[in-house]
Amino acid sequence: MSRQISVRDALYETPGKNARKIIMASTVISIVAMVLLLCLVIKIFSDNGQLDAKYWSFFMRSTTWRFIGSGLLGTVEASLLAGLTAFSIGFVFMVMRISFYKPLQFIGAACTEFTRGVPTLLFIYFFFLYVPKMGINLPSVWRVALPVAISASGMVSELLRSGVNAVPKGQREAALSLGMRETMVFTKIIFPQALKYIVPALFSDLVIVVKDTTFSYIVNFPDLMQNAKVLISNYDALLSVYLVVAVIYIIINYLLNTISVTMAKRGGKR
Amino acid sequence: MMKKDNTIISDVQAPVVELKHVEKYYGAMHALKDINLSVKKGEVVVLIGPSGSGKSTLCRTINRLENIKSGEILIEGEKLPDGGKELAALRAEIGMVFQSFNLFAHKTILDNVMMGPVEVLHRSKTEVEKEAMELLKRVGVDSQAHKMPSQLSGGQQQRAAIARSLAMHPKVMLFDEPTSALDPEMIQEVLDVMIELANEGMTMIVVTHEMNFARRVANRVVFMADGAIVEENTPDEFFTSPKTERAKEFLESIKGHM
Ligand SMILES: Nc1ncnc2c1ncn2[C@@H]1O[C@H](COP(=O)(O)OP(=O)(O)OP(=O)(O)O)[C@@H](O)[C@H]1O
Ligand SMILES: [Mg+2]
């Protein structure tokens with residue numbers, strides 16, 4: 001029998017000599033291209049007067065940064081709540097799909113497809129416009145976190161299922177042979193291994209959740225984007241504020257990606 | 001080089017494992033055809049036969065990893081339960097060793113051995129740990145107890161897997177080609193453990209092509225072809241003068257591989 005190939009081995013091949021050369025070359029080319037692009041953008045900005053002091057001076061004030069900081073906290077709060085909720089809902093969908101009951105499997109699959117197919121914005125509108133009419137008053141953070149979570153849950157469910165499917169069949173058989181019941185086989189043997197496979201991918205999916213929380217402005221939850229909009233109208237400085245905010249989002253998502261890559265590397269060593 | 005004629009095989013007790021007219025299909029494929037087999041306490045039965053003849057399937061029906069279409073499987077005279085708690089409890093008493101070891105990849109060797117007694121039998125951890133370490137010592141991997149399975153050689157993993165099964169104090173052990181995934185130099189260390197077990201009186205059903213093992217410890221060789229039992233014989237007779245043409249052909253074909 002052939003050796004078990006881990007998901008990681010199948011997805012990432014260690015680059016050979018030629019591949020390394022190509023990677024090096026393309027890295028250099030893309031860095032040069034990015035620097036050129038940045039110069040071009042700055043040139044266009046200065047031509048249009050966007051580099052004028054009035055668009056940037058308020059960034060010298062600590063109140064501006066405190067305001068941005070509180071927005072950042074809002075983003076982090078909404079993202080964490082949405083991420084954890086998406087994981088929980090996705091877990092339920094996945095368990096339904098792999099259950100032994102056909103109707104439950106169908107419901108799980110339908111929920112997964114539905115939440116994956118519908119754009120986040122529609123869920124946001126549903127929770128913003130319709131849910132309050134039903135007499136349900138959610139705290140404002142949940143008005144963004146819940147729809148974002150629901151929208152991401154199908155994706156998480158699929159990811160969890162791929163992890164579960166990646167656990168070799170023999171693990172289940174060995175556990176059953178010891179006299180474990182199906183539930184125990186799943187919780188003690190299959191799921192912990194599945195999770196190990198997909199934790200890196202879960203973290204990179206969190207990037208999508210973070211980006212989706214920018215819909216906060218619709219429901220008036222003070223996240224980074226909403227506070228940016230306030231700064232823009234206060235100082236009439238569209239480009240500079242968006243630029244700064246974009247950089248902050250990039251940093252958050254870069255950090256998430258770094259965590260994901262580190263975990264993938266650590267997991268692979270096992 | 002003692003043959004296991006020192007164990008007393010009792011005739012009064014019900015056989016540990018008994019199969020009566022067992023039929024098994026995979027879709028349209030008839031995988032087991034009217035299988036009748038009885039294994040008494042302390043007996044070692046070697047299952048042999050060409051690839052695809054149904055040896056693994058037969059092994060796996062005994063603890064119901066595969067369901068059968070008709071016929072009966074009895075463990076110590078009791079019918080194999082359909083499922084649920086009863087089936088799980090019965091499986092706990094039947095050890096199974098796989099070709100690909102199947103140690104739990106996310107647990108240390110020691111935890112692998114402790115898992116069954118602690119989680120399934122709800123025995124105390126300290127007591128189980130002591131016993132597990134003794135078992136690991138017995139199969140010669142006690143120095144690897146705190147490593148992960150992937151850090152061990154194939155032979156060590158398989159010996160640990162045997163210890164994991166033994167920790168449940170099984171009534172019978174099923175081995176499905178336990179040495180065929182191993183490098184040649186590791187085969188003997190696993191066979192040695194199995195020979196010792198056999199000599200201690202463990203009831204064993206072993207799918208293997210290791211002729212030396214069969215000759216040394218088997219009470220009986222069961223030869224399968226195309227899903228049916230074709231010949232049952234003593235190991236000596238089976239390997240030197242088989243009764244059936246089918247077995248002769250098979251032995252001819254695997255000569256030199258053994
Ligand atoms: N899960 C399955 N689904 C469909 N057919 C199967 C399945 N498992 C086994 N078979 C078929 O049943 C027959 C018996 O298979 P089995 O694995 O029991 O043979 P074996 O004697 O163990 O062979 P080997 O020496 O190759 O391990 C084969 O023809 C095989 O293709
Ligand atoms: Mg087989």
Side-chain angles (χ1 to χ4, degrees), chain A residues 1-12 14 91 98-102 104 160 162-202 263-270, chain B residues 56 59-60 62-66 83-108 111-122 147-151 154 157 160-161 164-170 173-177 180-182:
Chain A
M1 230 189 79
S2 65
R3 283 260 171 86
Q4 291 292 352
I5 300 173
S6 77
V7 188
R8 225 180 81 78
D9 291 344
L11 291 181
Y12 314 94
T14 342
F91 181 82
I98 64 166
S99 74
F100 293 106
Y101 304 102
K102 277 262 151 62
L104 221 55
L160 285 170
S162 74
V164 166
N165 288 339
V167 178
K169 218 170 79 239
Q171 297 285 309
R172 175 168 173 271
E173 294 180 348
L176 287 176
S177 305
L178 286 180
M180 291 190 197
R181 308 282 303 273
E182 291 287 356
T183 318
M184 187 186 275
V185 173
F186 184 77
T187 54
K188 299 263 171 181
I189 306 296
I190 308 293
F191 194 63
Q193 293 189 52
L195 210 53
K196 228 174 192 172
Y197 289 140
I198 61 159
V199 156
L202 277 176
M263 286 198 161
K265 271 190 195 146
R266 251 207 349 224
K269 268 186 206 148
R270 271 281 146 102
Chain B
S56 299
C59 241
R60 293 158 57 84
I62 295 173
N63 65 359
R64 224 184 175 124
L65 283 181
E66 301 287 354
K85 224 200 268 179
E86 295 76 24
L87 179 60
L90 196 104
R91 278 177 176 151
E93 301 183 328
I94 302 176
M96 181 136 192
V97 175
F98 301 86
Q99 182 176 0
S100 46
F101 331 133
N102 296 346
L103 287 172
F104 303 131
H106 62 310
K107 299 270 175 192
T108 64
D111 285 341
N112 263 273
V113 178
M114 290 174 60
M115 194 120 201
V118 171
E119 301 290 346
V120 178
L121 305 178
H122 307 291
K147 290 193 183 158
M148 301 306 279
S150 60
Q151 295 172 292
Q157 285 189 57
R164 176 176 66 179
S165 281
L166 288 176
M168 299 297 285
H169 301 290
M173 292 268 287
L174 311 171
F175 293 83
D176 188 3
E177 304 207 34
S180 21
L182 297 177

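Within every chain, numbering begins at 1; the chains are lettered A, B, ... in the order of the sequence lines, protein sequences first and strands thereafter. Here the structure is a predicted model, which is why all the values come from computation and not from measurement.
- With sequence neighbours left out, the side-chain hydrogen bond (donor to acceptor under 3.5 Å, both in side chains) criterion links Asn63(B) to no other residue.
- Within the model, atoms CG of Asn102(B) and CZ of Arg172(A) stand 12.5 Å from one another, a figure rounded to the nearest 0.5 Å.
- Residues satisfying the side-chain contact (heavy atoms from CB on, under 4.5 Å) test with Glu66(B), not counting sequence neighbours, are Lys24(B), Tyr26(B), Arg60(B), Thr61(B).
- The distance from atom CZ of Phe191(A) to atom NE2 of His106(B), rounded to the nearest 0.5 Å, is 11.5 Å.
- Considering NZ of Lys188(A) and NZ of Lys107(B), their distance stands at 6.5 Å, rounded to 0.5 Å.
- Listed by chain and residue number, Tyr101(A), Leu104(A), Gln105(A) satisfy the side-chain contact (heavy atoms from CB on, under 4.5 Å) test with Ser99(A) (two or more places apart in sequence, or in another chain).
- Of all heavy-atom pairs spanning Ala105(B) and Gln193(A), the tightest one is CB-OE1, 3.6 Å.
- For chain A, the nearby part of Ile94(B) is the backbone; its heavy atoms alone come within less than 4.5 Å.
- The shortest heavy-atom contact between Phe104(B) and Ala174(A) is CE2-CB, 4.0 Å.
- Heavy atoms of Leu103(B) lying under 4.5 Å from chain A belong exclusively to its backbone.
- For the options Arg64(B), Met115(B), Met168(B), heavy-atom pairs under 4.5 Å to chain A are most numerous at Met115(B).
- The contact between Phe98(B) and chain A is made entirely by side chain atoms (from C-beta outward), counting heavy-atom distances below 4.5 Å.
- Contact annotation for residues 177-184 of chain A against chain B (heavy-atom separation below 4.5 Å, listed by residue number): Ser177(A), Leu178(A), Gly179(A), Met180(A), Arg181(A), Met184(A).
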